[in-house]
Amino acid sequence: MSLVETRIAQVRERISMACVRVGRSPAEVRVLAVSKTVPAEIVREAVGLVEALGENRVQEAMAKRPLVGGALPWHLVGPLQRNKARHALDTFEVIESVDRVEIADRLEQLLTGGARALPVFIEVNIGAEPQKSGVSIDDLALLSRHIVERCPHMQLRGLMAIPPYDPDPEHSRPYFARLSLLARELANELAIPRLELSMGMSDDFEVAVEEGATWVRLGRALFGARQER
Ligand SMILES: *Cc1c(COP(=O)(O)O)cnc(C)c1O
């Protein structure tokens with residue numbers, strides 16, 4: 001077994017135990033391997049063992065994806081600029097970082113005429129941190145309604161968030177619980193069956209699973225400590 005394989009098995013075990021604690025099925029929780037700064041030959045070891053790959057920079061994914069190969073979907077999890085939207089659509093199957101009407105409109109414009117309905121997540125600035133991307137909780141309803149009603153080539157899949165940094169995962173819990181509640185309220189309001197929850201990273205994914213995560217985004221837990229860029 002490779003190191004990455006071993007780490008993935010350990011992560012699955014920890015997810016299962018978190019699920020047992022709250023009476024969820026582990027089948028509901030998918031692993032997105034976030035491969036930023038990790039060389040393609042290491043990322044390749046995760047193909048077939050995780051449900052998707054994630055990158056937070058469009059350029060890095062464009063360069064790496066052909067080297068990694070494999071048939072699994074790629075998710076963009078970092079902020080998206082208008083001028084990178086076309087490249088993002090060429091490189092990713094799912095965009096998790098839609099956080100404003102302007103970006104939704106740009107993606108919709110590029111998708112118009114095509115057959116594809118792009119699955120998207122709305123990124124929520126769940127801790128209301130001024131330096132962070134993500135739509136404010138106040139503007140979430142408006143943005144989601146805009147996507148559902150005005151962006152026929154997009155499919156609103158769920159919400160994504162990164163809570164304020166804190167080494168104690170228990171301090172992330174209220175933010176995960178809040179996102180979970182927002183997703184339930186929103187699904188209700190929009191009359192859609194359910195919204196996915198992309199939340200939890202290497203230091204706090206078990207707490208996120210306990211609070212309802214359906215996707216955990218893991219970098220270091222799978223690939224080890226990152227090199228500085
Ligand atoms: C880097 C990154 C992750 C993974 O972070 P780890 O702490 O290494 O698990 C998850 N989500 C986003 C948006 C990231 O940029």
Side-chain angles (χ1 to χ4, degrees), residues 3-4 6-15 18 29-40 42-43 45-46 49-65 68 72-81 84 88 91-100 103 119-127 129 131-135 157-173 175-176 179-180 196-229:
L3 186 53
V4 171
T6 306
R7 288 192 184 121
I8 292 173
Q10 287 164 349
V11 157
R12 297 272 185 202
E13 181 59 29
R14 289 168 64 187
I15 290 172
V29 184
R30 279 154 293 170
V31 173
L32 177 78
V34 180
S35 63
K36 61 185 180 211
T37 79
V38 180
I42 308 283
V43 179
E45 293 178 18
L49 303 175
V50 296
E51 282 71 35
L53 289 171
E55 279 285 343
N56 66 340
R57 292 185 183 180
V58 176
Q59 306 294 354
E60 188 172 345
M62 283 173 75
K64 203 181 285 180
R65 186 166 183 167
V68 173
L72 75 182
W74 285 56
H75 292 208
L76 176 65
V77 297
L80 180 57
Q81 266 73 53
K84 301 258 176 68
T91 311
F92 296 96
E93 278 80 9
V94 179
I95 295 187
E96 294 204 11
S97 47
V98 175
D99 65 354
R100 54 197 191 278
I103 277 295
V120 298
F121 288 64
I122 293 177
E123 181 179 356
V124 182
N125 187 350
I126 197 71
E129 294 172 277
Q131 80 285 8
K132 263 205 191 141
S133 48
V135 69
R157 276 287 171 81
L159 304 181
M160 185 270 257
I162 309 168
Y165 175 74
D166 193 305
D168 180 353
E170 279 303 325
H171 291 171
S172 298
R173 189 183 295 278
Y175 296 100
F176 294 144
L179 195 73
S180 207
E196 307 260 356
L197 285 168
S198 172
M199 59 186 196
M201 315 201 316
S202 293
D203 292 329
D204 55 16
F205 68 92
E206 289 150 296
V207 172
V209 167
E210 288 173 7
E211 297 299 330
T214 61
W215 282 97
V216 291
R217 306 182 310 272
L218 305 177
R220 290 163 302 131
L222 306 182
F223 300 115
R226 268 188 293 276
Q227 306 292 314
E228 290 302 316
R229 287 192 207 257

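The structure displayed is predicted, hence computed values, not measured ones. Quick note: numbers below take in every heavy atom, side chains included, and nothing from hydrogens, waters or symmetry partners. Along the sequence shown, residues are numbered consecutively beginning with 1. Every number for a ligand or one of its atoms is a count from 1 in the order of the listing.
Contact annotation: Glu96 has no heavy atom less than 4.0 Å from any atom of ligand 1.
Classification of Glu196 and Arg157 as a salt-bridged pair fails, no side-chain N sitting under 4.0 Å from a carboxylate O. Under the 4.0 Å criterion applied to side-chain N and carboxylate O atoms, Asp203 and Arg220 are assigned as salt-bridge partners. Using a cutoff of 4.0 Å between basic side-chain nitrogens and carboxylate oxygens, Glu51 and Arg12 are scored as salt-bridged.
Atoms of ligand 1 lying under 4.0 Å from at least one heavy atom of Lys36, given by number and element, are 1 (C), 2 (C), 3 (C), 14 (C), 15 (O). Of all atoms in ligand 1, numbered sequentially from 1 with element shown, those under 4.0 Å from a heavy atom of Leu218 are 9 (O). Each of the atoms 6 (P), 7 (O), 8 (O), 9 (O) of ligand 1 lies under 4.0 Å from some heavy atom of Ser202. Proximity to Ile162 (heavy-atom distance under 4.0 Å) selects the following atoms of ligand 1: 13 (C). In summary, the atoms of ligand 1 found under 4.0 Å from a heavy atom of Val77, numbered by their order in the structure, are 12 (C), 13 (C).
Nearest protein heavy-atom neighbour of atom 7 (O) of ligand 1: Arg220 NH2, 2.6 Å. Of all protein heavy atoms, the one lying nearest to atom 11 (N) of ligand 1 is Arg217 NE, 2.9 Å. Closest to atom 3 (C) of ligand 1, if we only count protein heavy atoms, is Met201 SD, 3.7 Å.
A side chain to side chain donor-acceptor pair (under 3.5 Å) with Glu55 holds for exactly one of Lys36, Lys64, His75; it is Lys64.
For the residue pair Glu211 / Ser180, no side-chain donor-acceptor distance below 3.5 Å is found, with atom types taken as modelled. Counting only N and O atoms by type, the side chains of Arg65 and Thr91 include no donor and acceptor under 3.5 Å apart.
Between Thr214 and Arg30, the closest side-chain pair of non-hydrogen atoms falls below 4.5 Å.
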